[in-house]
Amino acid sequence: MTESRTTDVDVVIVGAGFAGMYELVRMRRAGFSAIVLETADDVGGTWYWNRYPGARCDILSVDYSYSWDPELQQEWTWSERYAAQPEILRYAQFVADKHDLRRDIRFNTRVASAVWNDDTHRWTIHTDTGDDLSCRYYIMATGCLSMPKVPDIEGTDRFTGEVYFTSTWPHDGVDFTGKRVAVIGTGSSAVQSIPLIAAEADQLTVFQRTPNFSIPARNGPISDERLAPFLADPGAYRDEARRSAAGVPRETPMEGALMVSDEERTARYEAMWEAGELLGITGTFSDTMFDAESNDTLRDFIHGKIRSIVNDPEVADALCPTNHYVGTKRACLDTNYYETYNLPHVRLVDLRKDPISTITETGIDTTNESFEFDAIVFATGFDAMTGAIVGVDITGRNGLTLKEKWADGPVTYLGLMTSGFPNLFMITGPGSPSVLSNMMVSIEQHVDWIADALVHVRERDLDTIEPTELAETRWVQHSNEFADMTLMPTANSWYMGVNVPGKPQVFLPYPGGVGRYRATCDEVVERDYLGFVLDGASGRTVNDGIIRELKPDVQVMLETMAEMELPPIETMGVDGARAFMDASGAMMPPGPDVGEIVDGTLPGADGSTLEYRLYRPATDGPHPIAVYFHGGGWVLGSATSDDPLCRYLCVNSNSIVVSVNYRHAPEARFPAAADDGLAAATWIADHAVELGGIPGQVAVAGWSAGANVAAVTAQQAKLAGGPSIAGQVLLCPVTDGTAKRASYLDNAEGLGLTASLMDWFWDHYCDPADRADPKASPLLADDLSGLPPALVVTCQFDPLRDEGDAYAAALAGAGVPVQHLQCPGQTHTAIPAVDAMVTSEYARAAMADALRSFSGAGVTSGV
Ligand SMILES: Cc1cc2nc3c(=O)[nH]c(=O)nc-3n(C[C@H](O)[C@H](O)[C@H](O)COP(=O)(O)OP(=O)(O)OC[C@H]3O[C@@H](n4cnc5c(N)ncnc54)[C@H](O)[C@@H]3O)c2cc1C
């Protein structure tokens, strides 16, 4: 019998892998008492357990190594591009020795449960040795890939021969010489071990459920050229890694796979194949992870390579992954993996054609065949990301267990914490970049963030930190929205939890990238721990809030624009601003094909000639007509500047869209644009039949200043007694030039349309004295009753939001049938960006539906 002890410390860290080791260093440096608990009998985590033949990292060792000890970077030299497990384990041991870490690590100790005490504000940690610990802060450095998945194959316990799991390989190795060996699984561990097991075994049979994509690692000494940037300035190199997409400095590709010629694309894929770097696989082109067609080009390329290596076409076929896009399951790096299937004693069994029915005492039975083996190797993967965390029975506030809380999938704030479980931290938890990155970079970032947070809490005489429910719910939403923009959720992967029966299927890591994620975590701190409740002797602060409200595609677009460091448009002069608008328009996706495009002219209000572009659907006419007024602050733009949106509306509403180039300021100031709106609508209504339209079915539509013109046109048509306007679609309309509402001030900068640009537009268009005229500010009209039905679309992050909202409310108040679509997380410029901004697709669909409904046709999107 051992006597149980309770130890009191500030911090308990579970896990002595790279995360736990560095966390211990940071805790010591910050003056916290800390103990690490570890199941294994030494440090190393992943690299302690996974000792199978061929085990090695697949991020270059120069990148997959600690950066927090500058001396270590000089003291340690990796022998290969991708160091093997023994070398990485030696590295972990070297660090443990150097920093004397083992004195604070209790090995051979598994944490079984942890319970929060809301009176003492402490965690009690129970271990399998019978010893308890009491701590203020409980940090789970338990690893993303540390809980082996239990094989879900019937008869697994029945086999009487040798059984091995790649994830818990015997420390003194295994000799397969002369043996008949089965390997079950073809993930990373299998891909690495199969060639080496084949080299020893008498016979090797590989049982494959799903093939994976793999490229040659081209291991060996790292080239001087590849190492040069690191040696030149290790600090700068590490910094670049921290700000990068996946934790390795790489140039960001700007071109999509379909933007280059076939020859060019193949040449770049060949270079990727030769380079042998994991992140290069999907990093050759910008859109591989977003666009199925682009990904198909990569998939075809790798299939071609597999077929060129593997002699037997049937085996090659079975090895070609077809049920997922490249990168949506973790791709592999290999040494002679595909070549191994050309060896006479190696056989592949395709379980999709011939599934395993049971494991027997002497081997494996598939539906069609019985196999006899001396040894079975399970390379069946892990209960990834959440397995080791919920593997401990954790009870938080009010008796809530983490397993209950996460029953439908993990809910975390930043992948670091979860509400109801104060002072519980996860390193590389679900909801952080973790397994989608060079984990060393992600580990260090989390360790640093946690250490800084604990110091912050202590310095303010507080003792608990916990995220709010709002913050974590919206973080999960943000992460899912990012994932949904990619092809990732389309695969049955362990990223989605699909490999573990009964596990909730949600995308587990944060797919927004390491650099962007780090900036978010830093911003949380800068905003005084936004989304956290801090509590203790000095009081309780609830800083509830949402760290990322912009939709991810909008966020990325704004970041890209910010990186370009463009001067404000209003400083470019009118000609410069117009040229800029033309150039940026040319870079946008073109929108869908329409049946016909006709360019023509019509008379403006002063008898001048206005150009128009007519978009006709491919369906048989006649069609309803939408008179469209482009955006650009009455100063910029033309009949073709909103071309993608006009095409979209034409195709999806089955209407003719006539985009009119009304006169622009400053050459033609107020009320030129407003008067041209009415003149154009009148002429188009009068010529509806010639244009292929249905008389009496003319609606108006517009964006921004164009929506102002559309709204004014509808009002003027009512006052003039015609033409009859069937409806109005107003996207982010300018409705009041006399007042600056809250949205004008809150969204003044950094969101595309700025308040100062809007002021510049107004100054060019209209004297302050005229701005109260309803022809400039339709919201100020005395009587809005009798106007045609309207769809008003407003965006949360738009200076014009509140005046658009006010117009929708005023129309509704006047008895006009109004559909008001408020778009959360969207900006002024997002919605017209057809095919570029995917999260606003529903708003475009609503605009098209509104046009259909004005003409009495049924709606399609249901928005
Ligand atoms: C074969 C393999 C290859 C990999 N290659 C790469 C690579 O090339 N690049 C990359 O970025 N990442 C790679 N990874 C991911 C790898 O897991 C991380 O890079 C990193 O090693 C994780 O470190 P960690 O300290 O967070 O977790 P781990 O190294 O997994 O350590 C967690 C530790 O916690 C202990 N533990 C868990 N639960 C308990 C408990 N209840 N009580 C006590 N102790 C517990 C475990 O025993 C383990 O030692 C690989 C993973 C595997 C499995």
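We count ligands from 1, going down the list as the structure has it; atoms in each ligand are counted the same way. All heavy atoms count here, side chains included; hydrogens, waters and symmetry mates do not. All residue numbers refer to positions in the sequence shown, counting from 1.
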>> Can you work out which protein residues put a heavy atom within less than 4.0 Å of ligand 1?
In response: Val14, Gly15, Gly17, Phe18, Ala19, Leu37, Glu38, Thr39, Gly45, Thr46, Trp47, Trp49, Asn50, Tyr52, Cys57, Asp58, Ile59, Tyr64, Thr109, Arg110, Val111, Ala141, Thr142, Gly143, Leu145, Ser146, Phe382, Val392, Ser437, Asn438, Met439, Ile443
>> Can you tell whether the side chains of Glu466 and Arg397 come within less than 4.0 Å, N to carboxylate O?
In response: yes
> Between Glu38 and Arg106, is the closest basic N to carboxylate O distance under 4.0 Å?
Replying inline: no
> Partners of Phe207 by ring pair (Phe, Tyr, Trp, His ring centres under 6.0 Å), sequence neighbours excluded?
Replying inline: Phe371, Phe373
> Is it true that Arg28 and Glu23 have a side-chain N and a carboxylate O under 4.0 angstrom from each other?
Replying inline: no
> Is a salt bridge present between Glu240 and Arg250, judged by a nitrogen-to-oxygen distance below 4.0 Å?
Replying inline: no
> Under a 4.0 Å N-O cut-off, is there an ion pair linking Arg56 with Glu87?
Replying inline: no
